[in-house]
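Note that the structure is a prediction, hence the values are computed from the model and not measured.
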Amino acid sequence: MTKELWLIWKEPTSRRRYKIGILSYDDKYTFKYVNPELNDALAVGFKYFPGFEDINKTYISDDLFANIETRLPNPARPDYLAILNSYNLEKNSTKFDILKATKGRLLTDNYEFVPAFDSTKVEFDVAGTRYCDDVKKCKDLIAINDKLLLELEPENKFDTNAIKVILHKNGRNYHLGYVPRYYTTELAKLLKEKVEYSAMIQSLNFESKINDEAITAFVKLIFN
């Protein structure tokens, strides 16, 4: 079974995320750049992911590409097992599984590897929280396992498929942020079809050094 992650690039000024490539694994690792968002990213300053300079080439390797593996936690670190544990990983977790869980994020650039969209289950960090005033209002209320609502926002000038993430608590709604743009096209279709779902906060981080959001809320969605 082929496993797949999407390479996302975040434009430094606007903070908009672009899906620019696909990393897949099925006996061998394969990486390739993909459109339509690659061209959009190139138009606003993206050049190439370090180590993959040819945007027209399909890269193939028996092992995880070295330029990606360096984004994983170093096994020589004294706190390596603690890092794995914090992501609910095991000592024998594969490199692909570790990349999927950590997203390969670094403090020094604007790339991340996210799971491909799955119509049965979606997991994501809430985007755009720093632009939502409600986050400050509910900071002392929000908790792990809180249920969330998803609301289409077709009038959004940046994305007609924008989806708001809403916390309903103590009789009122709090707008926490948005579903990441790279999932909205597929997810909006399901919401328009009135597909039943359950959305819940899996983890919280109010002081993330990786994300530039006011809060990192990891959400898990399950569809019926």
Side-chain angles (χ1 to χ4, degrees), residues 6-21 34-46 103 110-112 114-143 146-206 208 210-224:
W6 295 349
L7 174 59
I8 306 299
W9 174 68
K10 182 164 56 177
E11 198 281 319
T13 302
S14 69
R15 316 307 292 173
R16 175 180 167 179
R17 293 172 170 86
Y18 296 82
K19 175 187 172 185
I20 58 171
V34 293
N35 265 312
E37 295 207 337
L38 172 61
N39 284 342
D40 293 338
L42 290 169
V44 293
F46 172 72
K103 297 182 174 62
N110 292 303
Y111 297 104
E112 60 182 337
V114 304
F117 184 81
D118 183 339
S119 61
T120 63
K121 181 181 70 174
V122 182
E123 299 177 345
F124 60 86
D125 291 322
V126 180
T129 58
R130 62 177 179 161
Y131 301 114
C132 298
D133 294 335
D134 282 356
V135 171
K136 297 178 181 179
K137 298 176 183 177
C138 69
K139 185 174 181 179
D140 296 329
L141 300 175
I142 190 170
D146 274 347
K147 293 184 178 180
L148 301 171
L149 303 174
L150 302 181
E151 181 181 306
L152 293 168
E153 191 181 58
E155 69 277 10
N156 187 295
K157 63 180 180 180
F158 301 107
D159 181 8
T160 56
N161 289 315
I163 302 171
K164 297 166 67 174
V165 178
I166 305 293
L167 170 69
H168 182 77
K169 208 159 191 179
N170 297 340
R172 64 160 293 181
N173 288 339
Y174 297 92
H175 180 198
L176 301 184
Y178 293 87
V179 173
R181 186 186 181 97
Y182 45 80
Y183 287 148
T184 57
T185 299
E186 292 89 349
L187 186 51
K189 292 178 182 177
L190 295 177
L191 295 179
K192 290 174 183 177
E193 293 171 0
K194 307 297 183 181
V195 172
E196 293 184 4
Y197 68 87
S198 173
M200 184 178 294
I201 292 179
Q202 293 289 93
S203 65
L204 288 169
N205 186 349
F206 288 94
S208 173
I210 296 294
N211 282 349
D212 60 351
E213 306 290 357
I215 176 178
T216 299
F218 181 61
V219 177
K220 183 175 181 179
L221 273 170
I222 297 179
F223 298 96
N224 183 5

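- Minimum interatomic distance between Y197 and L148 (heavy atoms only, all atoms of both residues): CE1-O, 4.2 Å.
- Looking only at side-chain heavy atoms (C-beta outward), V135 and H175 stay at 4.5 Å or farther from each other.
- For the pair R181 and Y183, the cation does not sit on the ring face, since its NZ or CZ is not both under 6.0 Å from the ring centre and inside 45° of the axis.
- Counting heavy atoms of neighbouring residues, nucleotides and ligands inside a 6.0 Å radius, atom NZ of K147 does not exceed 12 of them.
- Results of the side chain to side chain contact (heavy atoms under 4.5 Å, CB included) test with T184 over V179, L152, N156, T160 single out V179 as the only residue that passes.
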Evaluate the side-chain contact (heavy atoms from CB on, under 4.5 Å) criterion for residues Y178 and V165: first the C-alpha distance (whole Å), next the side-chain angles of each, then the deciding distance (0.1 Å), finally the verdict. CA-CA 5 Å; Y178 293 87; V165 178; 5.5 Å; no
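- Within the model, atoms CG of L167 and CG of L141 stand 7.5 Å from one another, a figure rounded to the nearest 0.5 Å.
- In this structure, P12 and N110 have side chains that are in contact, with non-hydrogen atoms separated by less than 4.5 Å.
- Here F124 contributes atom CZ and Q202 contributes atom CD; the two are 11.0 Å apart, rounded to the nearest 0.5 Å.
- Each of V114, I20, V34 was compared with L7 under the side chain to side chain contact (heavy atoms under 4.5 Å, CB included) criterion, and only I20 meets it.
- Atom CD in E37 sits 12.0 Å away from atom CZ in R17 (nearest 0.5 Å).
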side-chain contact (heavy atoms from CB on, under 4.5 Å), that's the test. Do Y18 and V44 meet it? Break it down for me. CA-CA 11 Å; Y18 296 82; V44 293; 3.7 Å; yes
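- No salt bridge links D134 with K164; every basic N to acidic carboxylate O contact stays at or beyond 4.0 Å.
- No side-chain heavy atom of Y174 sits under 4.5 Å from any side-chain heavy atom of I142.
- Electrostatic pairing of E112 and K103 does not count as a salt bridge here, judged by no charged N lying under 4.0 Å from a carboxylate O.
- Looking at every heavy atom in both residues, P180 comes nearest to A127 through CA-CB, 4.2 Å.
- Of the possible polar contacts, none joining the N161 side chain to the T185 backbone as a donor-acceptor pair under 3.5 Å is found.
- Without hydrogens or angle criteria, R172 side chain to K169 main chain gives no donor-acceptor distance under 3.5 Å.
- Of the inter-residue distances, the one linking C138 atom SG with N170 atom CG reads 10.5 Å to the nearest 0.5 angstrom.
- Taking CD of E186 as the reference point, atom NZ of K189 lies at 6.5 Å (rounded to 0.5 Å).
- Listed for the E193 side chain is no donor-acceptor partner under 3.5 Å among the backbone atoms of V195.
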Go through K137 and K139 one step at a time and tell me if the side-chain contact (heavy atoms from CB on, under 4.5 Å) criterion holds. CA-CA 6 Å; K137 298 176 183 177; K139 185 174 181 179; over 6 Å; no
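- Rounding to the nearest 0.5 angstrom, the gap separating the CG atom in D40 from the CG atom in N35 is 7.5 Å.
- Residues E153 and E151 have side chains not in contact (no heavy-atom distance under 4.5 Å, counting atoms from C-beta outward).
- Side-chain N/O atoms of N173 and H168 include a donor and acceptor closer than 3.5 Å.
- Counting heavy atoms from C-beta outward, F46 and L38 have side chains that approach closer than 4.5 Å.
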Under the criterion ring-ring contact (aromatic ring centres under 6.0 Å, His included), I'd like the reasoning laid out for Y182 against W9: C-alpha separation, chi angles, the key distance, then a yes or no. CA-CA 11 Å; Y182 45 80; W9 174 68; over 10 Å; no
Please step through side-chain contact (heavy atoms from CB on, under 4.5 Å) for the pair F117 and L187, ending with a clear verdict. CA-CA 9 Å; F117 184 81; L187 186 51; 4.1 Å; yes
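- Annotation: E155, atom CD; neighbour count of heavy atoms from other residues, nucleotides and ligands within 6.0 Å is above 12.
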